[in-house]
2 protein chains.
Amino acid sequence: MISIKDIARAADVSHSTVSRALRNSPLVNPETSLRIRTIAQEKGYRVSAVGRSLVNRRTDTIGVVVTSIADPFNAEIVSGIEEIALTHGYSLLLATCHSDPNREMLAVQSFYERRVDGILVSSSRVGSLYRPMLADMKVPIIFINSHHPDDDMFSVTIDNHNAGLQATRHLVQLGHKRIGYLGNQFGLQADTQRYAGYRSALEEVDIGFDPELVVHGNGGPENAKSATARLLALANPPTALFCFNDMSAFGAMCAAREHGLAIPSDLSVVGLDDLLLSSYAEPALTTIRQPKHEMGRLAAGTLFQLLSGNSPERFISMRGELIVRKSTVPPRSSADAISTNHQKSGAGA
Amino acid sequence: MISIKDIARAADVSHSTVSRALRNSPLVNPETSLRIRTIAQEKGYRVSAVGRSLVNRRTDTIGVVVTSIADPFNAEIVSGIEEIALTHGYSLLLATCHSDPNREMLAVQSFYERRVDGILVSSSRVGSLYRPMLADMKVPIIFINSHHPDDDMFSVTIDNHNAGLQATRHLVQLGHKRIGYLGNQFGLQADTQRYAGYRSALEEVDIGFDPELVVHGNGGPENAKSATARLLALANPPTALFCFNDMSAFGAMCAAREHGLAIPSDLSVVGLDDLLLSSYAEPALTTIRQPKHEMGRLAAGTLFQLLSGNSPERFISMRGELIVRKSTVPPRSSADAISTNHQKSGAGA
DNA sequence: CTGAAAGCGCTAACAT
DNA sequence: ATGTTAGCGCTTTCAG
């Protein structure tokens, strides 16, 4: 492997001059500089980031930990992060933790050993355990899709409570009385808050809460399918379902079909995320849009602010947007509820 | 930032001893070792991978470049790679190139500067240009989903020609005569070969090839949608469509619906990839399954073989598997073709 | 079993 | 404008 010294020898200068020339320092004679760079080119020389990092004390690398890269939600987040990282000349170290707090910690530690300049964690489950770790590490860390309220940590999320509220309200306004919640079993903060939003929406209109109507999957369609099957087997099944995420919603719709139900007429479904494919589903999925790409960009932006000595906002909360498509309609037999709430025409049948 | 010297001072030993103790060298007194490790722990010390890499001449890092991480196909490949990397204690550097050969080269060069131990490239468009680059770099590189036949390079792909063949044959056997191809505009090798397979299948049964029936998208659903719309606007539109990938197939089905066509009765669609969501689509998508996760694992496995001095196979070709689901049926009015080909019952109407 | 010393590739004072 | 020297954090001979 060819180093700065090799090309110094070839150009008959000192290695410092080579170092300078290669970085276009003005302190070096243009001619020499050109000669050096030509030789470097010929030899196919490229700086060693590791040598450089050792003295510069930065690696121009950031670490990103997500639950699973195969989950399109995370993929889009990462895509936003990468976009910003690129504009700063940074590279991305990627690790997955599969919602395992232990793996999450290991990933972060591995990043620390590699001396990344900053860390981004999506859907963290570790939360408060970070404090002591961070005290040692002294590496900026930004959370995406989870927030630690008592902490002075940085995070960007959507308002999950509001998202749950919007989704459920939409169903309520359509006239649904039996609305199920298909959550995430891992106890993510996002799940807790979306669920709380769901409960709030129910309370707003005095629809009694029925614990039978809440089930949990793992965020993937297969699990969602079996969870939904349980719901549909109920003596008094729901007429609408709010799902923790779009992937779950796809599983739910599949389960419903296999149960002989038509979507949306027999079961309305609303998801959360608005994945790329959600608008291409049949029926197109009603959902709460999360600005995933933008969240990734903002999180990375926050990090770079920090790295350049600025003081960005600690807590960025975005608003999810209800996207009404084709998977939600009024329930089969409740024309009354429809006119009262949905149409707002005051024609309270 | 605390270093090996700091803890050497605290433990009143030399930094070499600390280095040994921390790596559980047998050459150090168990008592001393324990003492050192305790102190290190207390101080929250973690080795610097950059210092270590400089002397070890390896970074325990591999670089992965994909077209887009938001494409589930790539996401699953990466997921397989990550799985194997993890078992070897390696980290992943991730970059996207958006099918831009230039960005692909830049990503690879950036990886080289960072002194990754190996590089994995999915859906490369650069191809032969790598040879000179690699001559300098001396970094093992493995291609996924593209293969350079004249080269001695490593690659893992599915047999794309065969995949195109299988997909189209399936349609032919169902009795379709007008079969469209929705390709990828970027001139990927995968596209060329799938298209060739399509042509072969058509020739096998003497179905005349109609150039009007081939259109191109960019691999995403939106583009596929408009491309399909063009196809459907034809005076004599296709009754079946073979799509470069599942994402395109979703777009195609969406376009068909908007055109007032029912899937599969008015238009049969077969995709290629078998994404997680493909079986949850409505109708469930008939497709050629690519063992994405396994391909990622194999590619990473090949790399680690190389890194440990073995000589793995240079060219791993896997077989795509036809998964018949609900998006393909015989065309509306050609019962003859059905009985002849599909049912093989010889009852040639 | 431990320490001293050298060196990995690079940058940055500090001299010229 | 260029060279010399030191040092980033670590591993590894080589001596004890």
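- The stretch residues 7-30 of chain B comes close to DNA chain D through B:His15, B:Ser16, B:Ser19, B:Arg20, B:Arg23, each having a heavy atom under 4.0 Å from the strand.
- Summarising the geometry, atom CZ belonging to B:Arg58 is positioned 9.0 Å from atom CZ belonging to B:Arg52; distances are rounded to the nearest 0.5 Å.
- Interatomic distance, CD of A:Gln305 versus CG of A:Leu307, reported as 10.0 Å (0.5 Å rounding).
- Residue A:Thr157 holds its OG1 atom at 6.5 Å from CE of A:Met295, rounded to the nearest 0.5 Å.
- A donor-acceptor contact shorter than 3.5 Å links the side chain of A:Asp117 to the backbone of A:Asp60.
- Look at CZ on B:Arg35: it is 14 Å from P on C:dC1, rounded to the nearest Å.
- The residue from A:Ser124, A:Ser317, A:Ser155 that alone fulfils the side chain to side chain donor-acceptor pair (under 3.5 Å) condition with A:His147 is A:Ser155.
- Residues passing the side chain to side chain contact (heavy atoms under 4.5 Å, CB included) test with B:Glu313 are B:Ile316, sequence neighbours excluded.
- Remark: B:Thr17 engages B:Val13, B:Ser14, B:Arg20, B:Val28, B:Ile36 in a side chain to side chain contact (heavy atoms under 4.5 Å, CB included) (not counting sequence neighbours).
- Partners of B:Ser79 by side-chain hydrogen bond (donor to acceptor under 3.5 Å, both in side chains), not counting sequence neighbours, listed by chain and number: B:His293.
- Residues B:Arg37 and B:Ser33 have side chains that bring a donor and an acceptor to within less than 3.5 angstrom of each other.
- Contacts of B:Tyr90 classified as ring pair (Phe, Tyr, Trp, His ring centres under 6.0 Å), with partners at least two apart in sequence or in another chain: B:Phe304.
- Atom OG of A:Ser311 and atom CG of A:Leu306 lie 7.5 Å apart (nearest 0.5 Å).
- For DNA chain D, the contact window with chain A, defined by any atom under 4.0 Å from a protein heavy atom, covers D:dA1 to D:dG9 in 5' to 3' order.
- Summary of helix geometry: the two end axes of the helix from C:dC1-D:dG16 to C:dT16-D:dA1, each defined by five base pairs via their C1' atoms, are inclined to each other by 40° (rounded to 10°).
- Classification of A:Arg125 and A:Glu104 as a salt-bridged pair fails, no side-chain N sitting under 4.0 Å from a carboxylate O.
- At a non-hydrogen distance threshold of 4.0 Å, nothing from residues 106-114 of chain A comes into contact with DNA chain D.
- Residues of residues 49-60 of chain B having a heavy atom closer than 4.0 Å to DNA chain D, listed by number: B:Gly51, B:Arg52, B:Leu54, B:Val55, B:Asn56.
- When the ring pair (Phe, Tyr, Trp, His ring centres under 6.0 Å) test is applied to A:Phe186, no partner is found at least two apart in sequence or on another chain.
- The structure places CD of B:Gln290 at 4.0 Å from CZ of B:Phe73, a figure rounded to the nearest 0.5 Å.
- Figure legend: B:Arg114 and B:Tyr112 shown without cation-pi pairing, the cationic atom not lying both under 6.0 angstrom from the six-membered ring centre and within 45 degrees of its axis.
- Residues forming a side chain to side chain contact (heavy atoms under 4.5 Å, CB included) with A:Ser19 (at least two apart in sequence, or on another chain): A:Ile4, A:Arg23.
- Near DNA chain C, meaning a heavy atom under 4.0 Å away, there are no residues from residues 39-48 of chain B.
- At a cut-off of 3.5 Å, with distance as the only test, a side-chain donor of A:Ser123 or A:Asn145 sits close to an acceptor on the other residue.
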